[in-house]
Asker: 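The structure is given below, and queries will be raised subsequently.
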Amino acid sequence: MRVFLLQKSVNLQVTNLWIERGERDLCRDLSFSVRSGELVRIAGENGTGKSSLIKAILGWVRLEEGELEFNGEDVTLHRDVLLQNQLYLGHTPGIKSVFTALENLKLYCPEASEVALEQALAHVQLQAFADTPAAQLSAGQKRRIALARLWLTDKALWFLDEPFTALDVKGVEALELCMGAHLKNGGAIVITTHQPLLHLSPKTVELTL
Amino acid sequence: MRVFLLQKSVNLQVTNLWIERGERDLCRDLSFSVRSGELVRIAGENGTGKSSLIKAILGWVRLEEGELEFNGEDVTLHRDVLLQNQLYLGHTPGIKSVFTALENLKLYCPEASEVALEQALAHVQLQAFADTPAAQLSAGQKRRIALARLWLTDKALWFLDEPFTALDVKGVEALELCMGAHLKNGGAIVITTHQPLLHLSPKTVELTL
Amino acid sequence: MNWTWFHKLGSPKWFYQWASNWGGRCVYLGLALMAIGIIWGLMFAPADYQQGNSFRIIYIHVPVAVLAQSCYLGMGIAGFVALVWQMKLAPVFIKAVAPVGAVMAFIALLSGAIWGKPTWGTWWVWDARLTSVLVLFLLYMGVIAIQNALDDPIFADKAVAVVSLVGVINLPIIKYSVEWWNTLHQPATFKLTEKPSMPMEMWLPLLFSALGLYLFAAGVAMWRMQNEVLLRERKANWVKKEVLNHGV
Amino acid sequence: MNYRSFFKAEWLSLLRRKQDTLNALLFFVMVIILFPLGVDPSSEFLAPAAGGIIWCATALSVLMAVEGMYKEDFNDGSLEQWLTSGLSITYLVFLKVLVQWLMVIVPLLIVLPLLAQMLFLPFSALWVVMTSILLGTPALFFIGSIGAALTVSLRRGAVLMLLLILPLYIPVIIFATGAVRAAQLDMNYSGQLAILAAISLVALALSPIMAAISIRASVN
Amino acid sequence: MNYRSFFKAEWLSLLRRKQDTLNALLFFVMVIILFPLGVDPSSEFLAPAAGGIIWCATALSVLMAVEGMYKEDFNDGSLEQWLTSGLSITYLVFLKVLVQWLMVIVPLLIVLPLLAQMLFLPFSALWVVMTSILLGTPALFFIGSIGAALTVSLRRGAVLMLLLILPLYIPVIIFATGAVRAAQLDMNYSGQLAILAAISLVALALSPIMAAISIRASVN
Amino acid sequence: MAFESWSDFWEMGKHGLYVWSTYGISMLLLVGLLVTTRLHRKQLRKQLKKRIQREQSR
Ligand code: HEM
Ligand SMILES: Nc1ncnc2c1ncn2[C@@H]1O[C@H](COP(=O)(O)OP(=O)(O)OP(=O)(O)O)[C@@H](O)[C@H]1O
Ligand SMILES: Nc1ncnc2c1ncn2[C@@H]1O[C@H](COP(=O)(O)OP(=O)(O)OP(=O)(O)O)[C@@H](O)[C@H]1O
Ligand SMILES: [Mg+2]
Ligand SMILES: [Mg+2]
């Protein structure tokens, strides 16, 4: 297996993307780029294909046409380099209900120290629930477990699909702060959200029906 | 089986509610009322017990103490009258992924005519997806199927737990319009949401940790 | 060596045109040969001295049983090709041939079962060959079921390829195991392999009907592949032209 | 939601997922095929054991079909909707089990003659097997539905309860195979069949209530 | 996520849901108990059939355990996380199957001696049964994992899974019961055991690759 | 010719039922395979034509 260096610099070029789902074109000839320090918001109404676009970039939805380039390398066929350098949180963020908040976090961030883990949970206001099974948490608290990963990761490119779902106002605030810090550090973020961003000003990629 | 008349007038009195979950008091001595034409928003951070409060009123979470009165009748022990007159949409709204949008709606609104069903789907922008299985819809579209019920129901009291989740801006707009109309008609709504309401001004019940 | 034929085979358009020429010929020639073989077998071949006339079932039973196995072998190879070289036509082949093979396996079971009643006095015994045909039939049903259950065509292709390949690897194991298992218990009277070798006038019609059935199946498979190609390439210009020009 | 729309939806959802039905059927076929292969393919072994094998296969495939019957309803929030519908959960459970029973048992009865042949079950006993399945399986379904309701929320006590419930299958199997054996020995088997019917009736009367209680407890 | 944390999590999650493990075990016990009850409790019937019954029960309970092995991972989004983790799915599948195998087979081997007694299996054959289970079940698990991967994205893929898997299970069962029967007849059984081991090795080498392909294709 | 008369032929020496039912069902299935294939082609052509015309009219 090849080992890839983690690169904090990001340059993702998406060219002429054509995605189809169930006989409908979701986008055609879509091109955009994501660079270090940039926040790209994929906008569009429900069902226009925002989630599908992210999944297509990650390689689970087929591209009818189009190219992807990550940091100068063509990744259209083999996404390995891209996958090594990104973090994805989707509509269902892979939280196991039998695990406690801490165990869930540990699964995805095995290198983090206990202290770092607890700090990350504190960032999302879950310190008191570290040892509660996820099944016994509220909807927002479950989402927060997944989001805590953002405070621990060293991946450069984040894909966040509706990260604000179920979060309260304070939670949204904290998440935006975290995203801002990541962008300052040379990271890049691709986000979809129907809620307006309060502090960050994104570059927008608009999808239409 | 008793048959209850559908009453458009609503008067729900909640007195001295004490709810406990996992050794933690979620609320204590909480009292409020919901009357015809009123929008009651249950506010509070993630995990303060908003969903649990609704579930307690509906009778799935145990009340340690407290009384419920619906239209003058004590329903603390037997919720039948309350259940007959309400509509509940929770975090997971009971959408079957093998059914199409139309079939899902039909299950919950069997009395509605074909025309009414299609109109309801049009209200939530799903007319084009009436015959698509829910499994092949986007997150927001799935939620919309559940919400379409609101245009068809004649129940007086609505419990909406985070109805705006995954909805786009237009969807939120349409839903608020629908809620406004319901309130004008003498209905009442209990809602939880972290997003601000744009057009409606609710009475707030605040929960704290 | 010139590999162009291989790449051509990978091209749906080329295949479609090639099959337009050959599909019909195979089917009709196959039907004719089969008719000759079967009529010959039914009317003119001599009766078996032990089984009498029930033996005439052989002219459908054996061709069909042999073909059922060949079809699966072909699907397995196609599965391998689909997974390794990602050739576009390979999944099309599997999808087209699976129902053909399933029908063959079914007829083999049915004709064998009906034949068994007068000769063995029972429809079914747990004999090696019978069991392995039953298993083969199940394998076919698996392939068909999975391709029907998956709406996503890309996934369906992958799945079908995986199942065919895994199945074909297991086929010899199944055959061997069943044969080995069976020889422990099965009374020798039921053994299919120890038949007296056939006289020529019984064997020739069998050859005809077998050849005919092979050609017939090949032709039908080509037609089915054409259908699939039309569906898959519906956005290509040549398909649009082909569809519009047809029957004008 | 009313009872009719619920029934229609259940029906439709099982038809959609034909697999589900087919699943139980295939499992049934599979168990029956495994026996000659794994144990002994000779008719001397199979013929007397056929009734027992068929009934074991039936019990196992009913268990398989019933086991997860509320799982999906729990996950997608349908159970909550049942509870707020104001309808009687007991009756909803009854309808659901009824649909399941029809969808599993009818195909099973259709393939049974063929499989019985493969196990060398004498033709005279076939009718008794079929009758015993018709009379006995409702009990299996209804009892199983209690277990399914108990395990749906993955509560801790569930395993224990399951352990209590499974033994209830045993009398059904004993009486059913008893009837078949009696038939094969040309003895009177109406007594066993009557008992089977009685068990099914009791299960029909009691289980929906118990299942409804468990479902109520599992939603929260 | 890395391989170690994945392995630990799998382990932990199975330990948490003891139910799943217990379920397979319970199913195993149930099948074995059903036989004497449903068919014939005499030792003349049971002793020669014991090896076959035990193996049929094993196959069925493995099937039960493996059937839904990726279901939860699919529903809660874990499969997506596997795919974006940059780890080799093939190896993740291997680890997952390994954990499952340990969790199901070890308890099964523990209760086996008792159940073998109940079936009048001669003590001398017990060791062969246990060895054959140790050598043969990896094949069952690995083959089953392909079926489970192919059918995760289907609402209820169980039936398909059965259809796909059953034909592939048959050789394993035949060789395993062959070994037991040979042992009971005091014949040499090492050949069958060697074949079992070989099948397991082939399955171990190929199945994770096939399952990985299927998982990749089913996330979308 | 292996038979004396037509009725002999149809009877197949008491095995008529077996032989003819086998051939009957087998032929039915084979012809069914053929017919469904052709019907599918026809349907497909119609469907695709409609699609293309819809596209062109837009
Ligand atoms: C359900 C029942 C049966 C099945 C599934 C079955 C299956 C098969 C198969 C797979 C073959 C192919 C041999 C090859 O690969 O070359 C075959 C050949 C043959 N079968 Fe059957 N069979 C059945 C019943 C019978 C019966 C009842 C008879 C007559 C007694 C019979 C007579 C033959 C003969 C004569 C051959 C050709 C011999 C040879 O080439 O080895 N079969 N059968
Ligand atoms: N099934 C459960 N079992 C035990 N405790 C639970 C359960 N569900 C929730 N809780 C606890 O009850 C508290 C309130 O949960 P609830 O879901 O009511 O919160 P909420 O206010 O709706 O939050 P959110 O805004 O995230 O939806 C949480 O702190 C949680 O730990
Ligand atoms: N699994 C699927 N199979 C087939 N079609 C799908 C599938 N998932 C989504 N679609 C279709 O693709 C379109 C885009 O879906 P997608 O989930 O990408 O939308 P989205 O923009 O993320 O919407 P939302 O804002 O609701 O999350 C939808 O119209 C839907 O019908
Ligand atoms: Mg989305
Ligand atoms: Mg909540």
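Every chain is numbered from 1 and lettered A, B, ... according to where its sequence line falls, protein lines coming before strand lines.
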Asker: Could you pull out all donor-acceptor pairs under 3.5 Å where a side-chain atom in residues 32-39 of chain F meets a protein atom, sequence neighbours excluded?
Answerer:
from, atom 1, to, atom 2, distance (Å)
Thr36(F), OG1, Gly32(F), O, 2.8
Thr36(F), OG1, Leu33(F), O, 2.9
Thr37(F), OG1, Arg224(C), NH1, 3.0
Thr37(F), OG1, Leu33(F), O, 2.6

Asker: Compare every heavy atom of Ile60(C) with every heavy atom of Tyr23(F), then report the nearest pair and how far apart it is.
Answerer: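 In this case the closest contact between Tyr23(F) and Ile60(C) is OH-N, 3.5 Å.
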Asker: For the atom pair CG (Leu231(C)) and CD (Gln43(F)), what is the distance rounded to the nearest 0.5 Å?
Answerer: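 Result: 11.0 Å between the selected atoms.
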Asker: CZ of Phe106(C) to OG of Ser26(F): how many Å apart, nearest 0.5 Å?
Answerer: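 Nearest 0.5 Å value for the CZ-OG distance: 9.5 Å.
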Asker: Rounded to the nearest 0.5 Å, how far does CG of Leu29(F) lie from CE of Met104(C)?
Answerer: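 That separation rounds to 9.0 Å.
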Asker: Out of Val103(C), Val27(C), Ile38(C), return the one with the most heavy atom pairs under 4.5 angstrom to chain F.
Answerer: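 Most pairs with chain F among the choices: Ile38(C).
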Asker: What part of Val100(C) gets closer than 4.5 Å to chain F, counting heavy atoms only: side chain, backbone, both or neither?
Answerer: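 For Val100(C), backbone and side chain are both near chain F.
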Asker: Less than 4.5 Å to any heavy atom of chain F: does that hold for the side chain of Val220(C), its backbone, both, or neither?
Answerer: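 When you check distances to chain F, atoms from both the backbone and side chain of Val220(C) fall under 4.5 Å.
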Asker: Would you say the side chain of Tyr59(C) lies within less than 4.5 Å of the side chain of Val19(F), judging by non-hydrogen atoms?
Answerer: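 Not in contact.
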Asker: Sequence neighbours left out, what pairs pass side chain to side chain donor-acceptor pair (under 3.5 Å) with at least one residue falling in residues 17-31 of chain C?
Answerer: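 Listed once each, the pairs are Ser20(C)-Gln226(C).
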Asker: Select one option (side chain, backbone, both, neither) describing which atoms of Ile25(F) are under 4.5 Å from chain C's heavy atoms.
Answerer: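 It is the side chain, since no backbone atom gets that close.
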Asker: Taking all non-hydrogen atoms of both residues, which atom of Val239(C) and which atom of Leu48(F) are closest, and how far apart?
Answerer: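 In terms of heavy atoms, the two residues are closest at CG1-CD1, 4.2 Å.
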Asker: Does any backbone or side-chain atom of Ile57(C) lie under 4.5 Å from a heavy atom of chain F? Answer side chain, backbone, both or neither.
Answerer: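 Both backbone and side chain.
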Asker: Answer yes or no: does atom NZ of Lys13(C) have more than 12 heavy-atom neighbours from other residues, nucleotides or ligands under 6.0 Å?
Answerer: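 Open.
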Asker: I need the single residue from Lys49(F), Arg45(F), Arg41(F) that forms a salt bridge (Lys or Arg N to Asp or Glu O under 4.0 Å) with Glu242(C). Which is it?
Answerer: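 Among Lys49(F), Arg45(F), Arg41(F), the one that satisfies the salt bridge (Lys or Arg N to Asp or Glu O under 4.0 Å) with Glu242(C) is Arg45(F).
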Asker: About how many Å separate CG of Leu30(F) and CG of Leu213(C), when rounded to the nearest 0.5 Å?
Answerer: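 So the CG of Leu213(C) and the CG of Leu30(F) are separated by 6.0 Å.
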